[in-house]
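Just so you know, residue 1 is the first one in the sequence shown, and it goes up from there. Predicted, not measured: the structure shown is a model, and the values here were computed from it.
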Amino acid sequence: MASIPATLRYDVRDPFAVRMSFPAPATLEGVDVCWTFARELLSTGVAESAGTGDVRVRPYGYDRTVLEFHAVEGTAIVHVRTGELQRFLTDTAELVPAGSEALHLDMDGDLAELMRDAH
């Protein structure tokens with residue numbers, strides 16, 4: 001199985017989401033690709049199958065988690081060590097504890113940006 005240098009990121013300005021980026025050489029299109037999906041999906045998928053849409057996450061064996069990315073072009077299946085995902089999720093929970101994401105949203109700023117773009 002080939003190793004892919006993917007990057008998993010979390011930004012407190014978008015507290016409900018995580019992003020997994022793949023470099024151009026690892027994609028069918030030959031361009032950098034970034035998938036954004038719910039942090040809760042990743043958290044649930046480490047322990048049990050989760051997701052029914054474009055991104056699905058499930059345990060695989062005793063030390064792996066599978067992330068499936070479904071697109072028109074095809075499906076990418078990525079195996080990640082479960083311990084690495086759990087450390088990532090622990091780090092995100094230290095920044096924004098699960099259940100407190102709404103406290104980190106800038107509703108006024110986001111609404112102002114939407115209204116500005118509507119003109």
Discussion item. To the nearest 0.5 Å, what is the distance between OG on S21 and CZ on R9?
Written reply: 3.5 Å
Discussion item. Applying a strict under-4.5 Å side-chain criterion to I, L, V, M, F, W and Y, I'd like to know whether W35 and I77 cluster together.
Written reply: no
Discussion item. Side-chain heavy atoms nearer than 4.5 Å, only ILVMFWY residues, links allowed to pass through others: does that put F37 and V66 together?
Written reply: no
Fill in: Shortest non-hydrogen contact between A93 and R39, atoms and distance
N-NH1, 3.7 Å
Fill in: Nearest non-hydrogen partners of Y10 and A17, listed with the distance
CD1-O, 3.1 Å
Practice prompt. For L67 and L42, run side-chain contact (heavy atoms from CB on, under 4.5 Å): C-alpha distance rounded to whole Å, both residues' side-chain angles, the deciding distance at 0.1 Å, then the answer.
Written response: CA-CA 9 Å; L67 289 86; L42 184 61; 4.1 Å; yes
Worksheet item: Between F69 and V33, is a side-chain contact (heavy atoms from CB on, under 4.5 Å) present by the stated rule, with each step listed?
Response: CA-CA 11 Å; F69 300 94; V33 173; over 6 Å; no
Residues that [X] engages under side chain to side chain contact (heavy atoms under 4.5 Å, CB included), provided they are two or more places apart:
{"X": "Q86", "answer": "V46, T82"}
{"X": "S43", "answer": "L89"}
{"X": "A47", "answer": "none"}

Item to complete: Determine, stepwise, if the pair R64 / V80 fulfils side-chain contact (heavy atoms from CB on, under 4.5 Å).
Response: CA-CA 6 Å; R64 302 269 185 213; V80 181; over 6 Å; no
Practice prompt. Decide side-chain contact (heavy atoms from CB on, under 4.5 Å) for V18 and F88; before the verdict, give the C-alpha distance in whole Å, the side-chain angles of both, and the deciding distance to 0.1 Å.
Written response: CA-CA 10 Å; V18 296; F88 173 80; 3.7 Å; yes
Worksheet item: According to the salt bridge (charged side-chain N to carboxylate O under 4.0 Å, His left out) rule, which pairs have a member within residues 78-92, sequence neighbours left out?
Response: R81-E84
What donor-acceptor contacts under 3.5 angstrom involve side-chain atoms of residues 49-62, with partners at least two apart or in another chain?
| unit_1 | atom_1 | unit_2 | atom_2 | d |
| --- | --- | --- | --- | --- |
| R56 | NE | G53 | O | 3.0 |
| R56 | NH2 | G53 | O | 3.4 |
| R58 | NE | E68 | OE2 | 3.3 |
| R58 | NH2 | E68 | OE2 | 3.1 |

Discussion item. Test of understanding: with salt bridge (Lys or Arg N to Asp or Glu O under 4.0 Å), list the residues that count as partners of D63, not counting sequence neighbours.
Written reply: none
Discussion item. Please determine whether a side-chain nitrogen of the Lys or Arg among R19 and D11 lies less than 4.0 Å from a carboxylate oxygen of the Asp or Glu.
Written reply: no
